[in-house]
Amino acid sequence: MLIQYIIGPAGSGKTTLIKSLVEYLQEYNQEISVVTINLDPGCRTLPYTPDIDIQDYVTVDAVMEKTGLGPNGAMIAATDLMVNYVEDLKYEINQYNDPEIILVDTPGQMELFSFRNSGPMIANALGFGSVKRGIIFTYDSTMCIHPNGFISTLLLAASVQFRFANLSQINLLTKKDLIHKEKLENILKWVDDEYELASATENLEHGMLRELTLSLGRTFREFGAISELLPISAKYGEGIEDVWGAIQRVVNDDTSPY
Ligand code: GTP
């Protein structure tokens, strides 16, 4: 069993990716059993029906009503409260007879799940027995068309890698249909070649910002944080087979941690 946590900035396409992946598996890999979990206590509607939903246990609305907190405070409290329901989530997962893949949708405010304690605690608690765990990080391509936006997203992705230390991370460039082909190719070149990123910063950034961009790019490359970035359009089902291929590599990787 592999549990894949889908993490990324608000609106970067996490939920749409889950919908698209489930549809892809239903169409091409019906023998694969997949379970979806919603871990966002604040979402109003989802484009798919999760098999397991944290909102059966805790919701932002209920926390607001009970505590009088505003939406932001209630979102923080609700995310922290999710830890109390780990055993219920485990119980529900066990009802599915050892599914091969579990896709977990995480809150849009990624810092609540990733940088407070609840996310890593839940990820650890659900990693029981021989369950493998991994992260899929969603880079929103519309935020990455300029080098500084690309580096900022890279910083977020690297922070998530630190917080969920040792978990494999698949990096996706989402919504590729929304940017010009030329811009998409530029972003992919920045991943592959540090000189491309350096020359892009020459035109766009100045002074300290340029130095910072270059130095961060270099550091991330040295530590392997800039690795493969798979372009997809979950909305139009493009690149989803590559995502599935990447997930299978994690499943088959014996060095990937449990
Ligand atoms: P939060 O949970 O609120 O952070 O959002 P999310 O990361 O789950 O993103 P979601 O899947 O809800 O997508 C946000 C918006 O982007 C929605 O309007 C989607 O329809 C749109 N979107 C997602 N993926 C794509 C894509 O591949 N192409 C296009 N054009 N739009 C997309």
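Whatever order the structure lists them in is the order used to number ligands and atoms, beginning at 1.
Around atom CD of Q95, more than 12 heavy atoms belonging to other residues, nucleotides or ligands sit under 6.0 Å away. Within a 6.0 Å radius of CD in E23, other residues, nucleotides and ligands contribute more than 12 heavy atoms. Counting heavy atoms of neighbouring residues, nucleotides and ligands inside a 6.0 Å radius, atom OH of Y96 exceeds 12 of them.
Residues M75 and M110 are members of separate hydrophobic clusters, defined by side-chain heavy-atom contacts under 4.5 angstrom among Ile, Leu, Val, Met, Phe, Trp and Tyr.
In terms of polar-atom proximity, G13 is counted as a contact of ligand 1, with an N or O under 3.5 Å from an N or O of the ligand. At a 3.5 angstrom cut-off on N or O pairs, D105 does not count as close to ligand 1. Looking at ligand 1, you won't find any N or O of K176 less than 3.5 Å from one of its N or O atoms. Polar contact check, T15 against ligand 1: a nitrogen or oxygen pair lies under 3.5 Å apart. Of the polar atoms of T106, none of the N or O atoms is found under 3.5 Å from an N or O of ligand 1, judged by distance alone. Ligand 1 has no N or O atom lying under 3.5 Å from any N or O atom of D40, backbone or side chain. Ligand 1 has no nitrogen or oxygen under 3.5 angstrom from a nitrogen or oxygen of I232.
K175 CE, 4.3 Å is the protein heavy atom nearest to atom 21 (C) of ligand 1. The single protein non-hydrogen atom nearest to atom 26 (C) of ligand 1 is K235 CB, 3.3 Å, given as residue, atom name and distance. Ranking protein heavy atoms by distance to atom 7 (O) of ligand 1, first place goes to K14 NZ, 2.8 Å. Scanning the protein heavy atoms around atom 30 (N) of ligand 1, the nearest turns out to be D177 OD2, 2.8 Å.
Ion pairing between a basic and an acidic side chain is recognised when a charged N comes within 4.0 Å of a carboxylate O; E111 and R163 show no such pairing. Checked for salt-bridge contact, D80 and R116 meet the test: a charged N lies under 4.0 Å from a carboxylate O.
At a threshold of 4.5 Å between non-hydrogen side-chain atoms, the residues L2 and I247 count as touching.
Heavy atoms of T16 found under 4.0 angstrom from ligand 1 belong to the backbone as well as the side chain.
Among residues two or more places apart in sequence or in another chain, the salt bridge (Lys or Arg N to Asp or Glu O under 4.0 Å) test is passed with D61 by R44.
The heavy atom nearest to atom 15 (C) of ligand 1, considering only S141, G8, G11, is found in G11.
Short contacts between ligand 1 and A10, defined as distances under 4.0 Å to a heavy atom of the residue, involve ligand atoms 4 (O).
The aromatic rings of Y28 and Y24 sit tilted, their planes meeting at an angle between 30° and 60°.
When distances from atom 17 (C) of ligand 1 to the protein are checked, no heavy atom turns up under 4.0 Å. Using a 4.0 Å threshold on non-hydrogen atoms, atom 5 (O) of ligand 1 counts as touching the protein.
No donor-acceptor pair under 3.5 Å is formed between the side chain of K90 and the backbone N or O of L126.
Proximity of L178 to ligand 1 is established by a heavy-atom distance of less than 4.0 Å.
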Discussion item. One pair to check against side chain to side chain donor-acceptor pair (under 3.5 Å): D140 and T174. What are the steps and the verdict?
Written reply: CA-CA 5 Å; D140 188 330; T174 61; 4.6 Å; no
